[in-house]
Number of protein chains: 2
Amino acid sequence: TIFFITPTYARPTQKADLVRLCQTLKLVDALHWIVIEDSDSITPLVTNVLDRCDLNSYSHVHERTPKSMQRKICTKVNPRQGCPHHLLGKEEALWKKPRGVMQRNRGLSVVREVAAERNIVKGVVYFGDDDNTYSLHLFDLMRTIKKAGAWTVGLSGGLMHEGPRVIDNKVVGWHVGWRPERPFPLDMAGFAINVTQVISKPSLEFSSSAARGYLESEFLKQVVASKDELEPKGFDCNCVWVWHTRTEAPDLKGEKHSPSDKSIEV
Amino acid sequence: TIFFITPTYARPTQKADLVRLCQTLKLVDALHWIVIEDSDSITPLVTNVLDRCDLNSYSHVHERTPKSMQRKICTKVNPRQGCPHHLLGKEEALWKKPRGVMQRNRGLSVVREVAAERNIVKGVVYFGDDDNTYSLHLFDLMRTIKKAGAWTVGLSGGLMHEGPRVIDNKVVGWHVGWRPERPFPLDMAGFAINVTQVISKPSLEFSSSAARGYLESEFLKQVVASKDELEPKGFDCNCVWVWHTRTEAPDLKGEKHSPSDKSIEV
Ligand SMILES: O=c1ccn([C@@H]2O[C@H](COP(=O)(O)OP(=O)(O)O)[C@@H](O)[C@H]2O)c(=O)[nH]1
Ligand SMILES: O=c1ccn([C@@H]2O[C@H](COP(=O)(O)OP(=O)(O)O)[C@@H](O)[C@H]2O)c(=O)[nH]1
Ligand SMILES: [Mn+2]
Ligand SMILES: [Mn+2]
C-alpha cells in the first residue's frame with residue numbers, strides 16, 4: 001500500500017487542485033489517500049470531491065493549524081523576519097511559517113490507525129502536496145523502498161531540478177540551490193519512507209519548530225543516519241517524475257462589480 | 001469520439017502540465033487527443049510525454065506562431081497597447097496577442113483528416129488548453145451536444161465562475177466580468193461543438209485578427225446564430241466541471257549559481 005498524505009486548505013483553486021490530483025491517484029493501484037483539511041471541521045467541498053472522484057480507499061480528516069503557527073500580518077518592516085517593505089500590512093512571507101506540518105503529523109497518526117485496523121505491514125508513506133504534479137511512474141519507483149528513498153524533484157528550490165547526486169546507485173551529494181550543508185536537503189516531494197518506520201516509531205513526526213528549510217532534514221534524521229542509507233530512485237532516466245508546481249492565485253477583480261453566486265461550488 | 005484540441009508551447013512547466021493532463025485524458029473513453037506544438041518541429045519532450053502516457057488515440061503535430069503574431073518587446077510606454085510602465089523592455093501584456101490561435105486551427109484540420117480516415121461522423125470538438133483543470137464529468141456532459149454546447153468555467157474572466165445564465169434549460173444571459181455585450185462571452189474552455197460542424201464547414205476557424213475578447217464569439221457565430229441556439233450543459237449541479245487554472249512560472253533564481261544539468265528533461 002502507498003499511503004499518500006495530503007494537507008489541504010481553503011482557497012479559490014483548492015477544488016481544482018484536488019480534482020486533478022484525485023484523478024491521477026485513481027490510476028494507481030493499492031493506494032490509500034489521506035486528506036487532512038486545515039480547518040475546524042471537514043468541509044462539504046472536499047467531501048464532494050472525494051465522493052465524486054470514487055477512489056477505492058481514502059481517509060478524510062481535519063486538523064486546524066493553531067493561530068500561533070499561522071502567518072501574521074506584517075506590522076513593521078523586517079525582511080529577515082519575513083516582512084519586507086512590500087508586505088507591510090499584508091501576511092508575512094511564505095517561508096516564515098512551515099505549511100502543512102500539523103496536517104502531515106495527523107496524517108502519520110492515520111497511517112498508524114489504518115495499518116493497525118487492516119493489518120498492513122508492507123507499504124510506503126509519501127507526503128504529496130495538493131498542487132504538485134505526479135507522474136504515474138513515481139508510484140512504481142517508491143514501492144520498492146526498504147527504509148527511505150529519495151529522488152529528484154522538478155521546478156523545486158529555485159532550480160529546474162533539485163535532488164540527490166548519484167554515482168553507482170549511491171547518494172554522493174546534492175544538486176541544490178540553497179544550503180547544501182543541510183543533512184537532507186530534499187523537498188517534501190522528493191522522498192518516501194517504508195511504512196514500518198511509521199508503525200515502529202510512534203513518535204516519528206515533523207517538528208513545527210524546525211528552522212527554515214530543515215523540516216525534511218529533521219524528519220529524515222529520525223529514519224536514516226546519513227545520506228549513505230538513502231535509496232536513490234528514478235536515476236535510470238535523465239528525467240524527473242514529480243514536479244513542485246504551484247497553481248496561480250486567480251485574478252478575481254471582476255467580483256467587485258459582478259459578484260459570483262456563492263451557492264455555486266467552484 | 002471527443003476530439004480534444006490542445007495547443008502547447010515550451011516553458012519550464014510544460015512537461016508537468018502535459019503529464020497531468022494526459023493522465024486525466026487516459027480516464028476518458030473514446031477520446032482522440034490532438035496536441036499541436038507551437039514550434040518549428042515536434043520536440044522530444046512532448047514526444048516522450050505522449051509515448052510514456054500511453055493514450056489510446058492521439059495526433060501530434062506542430063504549427064509555429066508566425067513572428068508577426070508573437071508578442072513584441074515594449075519599447076515605449078503605452079498601457080492601451082499592452083505596454084504599461086513595468087513592462088518596458090519586456091514582452092507586451094498577455095492580452096495583446098491571442099494565444100494558441102494558429103494551433104487550434106491546425107487542430108481543426110487534423111479533426112477533418114482523422115474523421116475522414118476513420119469515417120467518424122459522431123462526436124464533439126473541444127478546445128482544451130494544457131494548463132486548465134478538467135473534471136471527468138465534463139466529458140460526459142459534452143457527448144450529447146447536437147450543435148454547440150456551453151457551460152460555466154471556474155476561475156475565469158476575473159470571476160470565481162463565468163458562464164451562461166440559464167432558465168428552463170435556455171441561455172437567457174451571461175454572468176461575466178467583462179463586456180457582456182459580446183455575442184458569446186464565453187471562455188475557450190466553456191463550449192464545444194458537434195464534429196459535423198467542423199466536417200461540413202471546411203473554412204470554420206479562429207480569426208487571428210479578432211478583437212481582444214472576441215476570439216470565441218467570432219468563432220461561434222459561424223456555428224450558431226444566437227445564444228438561443230446554444231445548448232446549456234452541466235446546470236443540473238450548483239458547481240463547475242472545468243477550471244481555468246494557470247500554473248505559476250517557477251522561481252529559477254538558483255540557476256545562476258547552481259545551473260541544472262540541461263541533459264535532464266524536466
Ligand atoms: O495554511 C496552509 C498552507 C498550506 N497547506 C497545505 O500544505 C501543503 C504545502 O503548501 P503549499 O503548496 O502552499 O506550499 P509550497 O508550494 O509553497 O511549498 C499543500 O498541500 C497545502 O494545501 C495547509 O494545509 N495549510
Ligand atoms: O505562445 C503561445 C502561448 C500559449 N500557447 C498555448 O495556448 C493555450 C492558451 O495559452 P495560456 O494557457 O498561456 O493562456 P491563458 O491561460 O492566459 O488563457 C495553452 O494551451 C498554451 O499552451 C501557445 O501554443 N503558444
Ligand atoms: Mn505547493
Ligand atoms: Mn491557460
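Here the structure is a predicted model, which means the values were calculated and not measured. The sequence lines fix the lettering, A, B, ..., with proteins before strands; numbering per chain opens at 1.
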Close side-chain approach of [X] to [Y], heavy-atom, < 4.5 Å:
X        : Y        : answer
B/Ile264 : A/Thr152 : no
B/Trp243 : A/Thr13  : no
A/His244 : B/Pro250 : no
A/Thr247 : B/Thr247 : no
A/His161 : B/Asp261 : yes

Spatial distance of atom [atom1] ([X]) from atom [atom2] ([Y]) [nearest 0.5 Å]:
X        : Y        : atom1 : atom2 : value
A/Leu155 : B/Asp251 : CG    : CG    : 10.5 Å
A/Lys26  : B/Gln23  : NZ    : CD    : 14.0 Å
A/Cys53  : B/His137 : SG    : NE2   : 14.0 Å
A/Arg20  : B/Leu136 : CZ    : CG    : 13.5 Å
B/Trp178 : A/His257 : CH2   : NE2   : 11.0 Å
A/Ser135 : B/Arg52  : OG    : CZ    : 6.5 Å

Proximity breakdown for [X] and chain A, heavy-atom pairs closer than 4.5 Å:
X        : result
B/Val266 : both
B/Val242 : neither
B/Pro180 : neither
B/Leu159 : both

Chain A contacts, top residue of [options] (heavy-atom pairs, under 4.5 Å):
options                      : result
B/Gly154, B/Pro259, B/Pro12  : B/Pro12
B/Gly177, B/Gly158, B/Cys22  : B/Gly158
B/Gly157, B/Cys239, B/Ala249 : B/Cys239

Inset, instruction - Classify the side-chain pair A/His175/B/Ser258 by whether it contains a donor and acceptor separated by less than 3.5 Å. - result: no
Legend entry - Residues A/Leu252, B/Met160; criterion side chain to side chain contact (heavy atoms under 4.5 Å, CB included); working and verdict: CA-CA 7 Å; A/Leu252 294 174; B/Met160 279 302 287; 3.8 Å; yes
Inset, instruction - Count the heavy atoms of every other residue, nucleotide or ligand shown that sit under 6.0 Å from CG of A/Asp51, and state whether that count exceeds 12. - result: yes
Legend entry - More than 12 heavy atoms of other groups within 6.0 Å of A/Asn78 CG: yes
